[in-house]
Protein chains: 2
Amino acid sequence: MHCGEMGSRWGFNRTVGQMYGLLIIHEEPLSAMQISEALNISRGNVSMGIKELQSWRLVQVQHKPKDRKEYYSPAGSIWEMATRVFEERRKREVDPTLSLLRDNLLDEPANQKEQYAQKQMHEIHDLLETVTHWAGELQSMSPEKLNTLMKLGAGVSKVINLKDKLISK
Amino acid sequence: MHCGEMGSRWGFNRTVGQMYGLLIIHEEPLSAMQISEALNISRGNVSMGIKELQSWRLVQVQHKPKDRKEYYSPAGSIWEMATRVFEERRKREVDPTLSLLRDNLLDEPANQKEQYAQKQMHEIHDLLETVTHWAGELQSMSPEKLNTLMKLGAGVSKVINLKDKLISK
DNA sequence: CTGAAGTTTCAGTATTTTCTGAAAGTTTAA
DNA sequence: TTAAACTTTCAGAAAATACTGAAACTTCAG
């Protein structure tokens, strides 16, 4: 139920959220029919939900021997799911904005007002670009490395200072 | 217009997104009436939108001498806006989940299935906690430090290796 | 006080999004 | 080739969300 409530905030709708929650919590893969019964939603809705989850690369289809039904389970570890949600949201929420900003910055400002507007857009663009680029680099690190880094927390700033000193010597 | 389309993805609705976009692009503060005319939306809707933006701590009210109207402008720099949106979204999207997970983990699992469910929830909980804790620490760093760190990108991993070597000596 | 100039609220309406279920499509065992 | 056992699609219904505008409220200059 909570996954449903949070669903929309996390980027999908109520039933999709519930479906995903159910799959994560349930050890065995579930058939569309089982999902529909467990959550009390129509069979067609399940089909659409699965499609949506697949577009997020969050579910896997499996087949059981002697059974024509399709069984669904979460794709990958919790960690992988997190990076996938993160990546997909970046694609949907950040990339379009970034590309629009870029287009806009190519135009020559026609007057004082447009110049100010561009200045602001430029700042937003640079910020988004730096952050998404960094996020990409972090994702390319191994989960273990990343974990060390996160555990280090703000302490990372001390390590960087240290590096600067060593280099300057 | 784009801010409107993106609005819902970014956590608010179309008109709120448009209003915020307008305020950012416009150098001078705007009155509610001006906003309503510029975006062609009702005066009442502007009032509700401003309230929403205030709940995100994204707009400021100003007064001009000899004028009873309220004038609105974005609160803080682009950087501050970003951290505010980030923080608010954490509050709305992550914190409730984290607290629900915690509650759930206090219950004694009644059977094998519940045990598995708890195992999964535990993993999600730990991941969310590590990430949000880290994000908090990063936000407490000065923007300049953070910028250095981001520019360093994946190179940060080398610096950490270096540190480990130094310590082991 | 008073009332003009403003803001907020909220019931009702319009719009958007989600969900259902029946029909169409697909796959495969025999 | 058939038909049973599934899955997908999609038009229309239901539900959720956003918007309007008029009434209520607030503030303050005179």
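On a predicted model such as this, the values are computed, not experimentally measured, just so you know. Basis for what follows: all heavy atoms, side chains included, without hydrogens, waters or symmetry-related copies. Proteins come first, then strands; the chains are lettered A, B, ... in the order of their sequence lines, and each starts at number 1.
Going from atom CD of A:Glu52 over to atom P of D:dT8 covers 14 Å, rounded to whole Å. Taking atom CD of residue B:Glu5 and atom P of nucleotide C:dT16, one finds them 12 Å apart after rounding to whole Å. For the pair B:Lys66 NZ and C:dG6 P, the computed distance is 14 Å after rounding to whole Å. Separating the CD atom of B:Gln54 from the P atom of C:dT9 is a distance of 11 Å, rounded to the nearest angstrom. In this entry the distance linking CG of A:Leu53 with P of C:dT18 reads 13 Å, nearest Å. Regarding B:Lys64, its NZ atom lies at a distance of 15 Å from the C1' atom of C:dG6, rounded to whole Å. Remark: P of D:dC6 and CD1 of A:Ile50 are 16 Å apart, rounded to the nearest angstrom.
Taking a 4.0 Å limit (strictly below) on heavy-atom distances, residues 17-38 of chain A does not reach DNA chain C anywhere.
For B:Asn147, the side-chain hydrogen bond (donor to acceptor under 3.5 Å, both in side chains) criterion is met by no residue, not counting sequence neighbours. Residues satisfying the side-chain contact (heavy atoms from CB on, under 4.5 Å) criterion with A:Leu30, sequence neighbours excluded, are A:Leu22, A:Leu23, A:His26, A:Gln34, A:Ile35. A:Asn111 is linked by a side-chain contact (heavy atoms from CB on, under 4.5 Å) to A:Lys113, A:Glu114, counting only residues two or more places apart in sequence or in another chain.
Sorted by first and then second residue, the side chain to side chain donor-acceptor pair (under 3.5 Å) pairs involving residues 69-81 of chain B (not counting sequence neighbours) are B:Gln62-B:Ser73, B:Asp67-B:Tyr71, B:Glu70-B:Tyr72, B:Ser77-B:Glu80. For residues 118-135 of chain A, every residue pair satisfying the salt bridge (charged side-chain N to carboxylate O under 4.0 Å, His left out) rule, not counting sequence neighbours, is listed here: A:Arg102-A:Glu129. Identified under the salt bridge (charged side-chain N to carboxylate O under 4.0 Å, His left out) test for residues 36-56 of chain A, with sequence neighbours left out: none. Applying the salt bridge (charged side-chain N to carboxylate O under 4.0 Å, His left out) rule to pairs touching residues 7-27 of chain A yields nothing, sequence neighbours excluded.
Taking only side-chain nitrogens and oxygens, B:Lys51 never comes nearer than 4.0 Å to OP1 or OP2 of C:dT7.
Side-chain atoms of A:Val61 and A:Gln54, non-hydrogen and from C-beta on, do get closer than 4.5 Å to each other. Looking at B:Asn104 and B:His125, their side chains never come closer than 4.5 Å, going by heavy atoms from C-beta outward.
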Completion exercise
Per-nt protein contacts along nucleotides 15-30 of chain D (heavy atom under 4.0 Å; B base, S backbone sugar-phosphate only, - none) come out as ---SSBB-----BB--
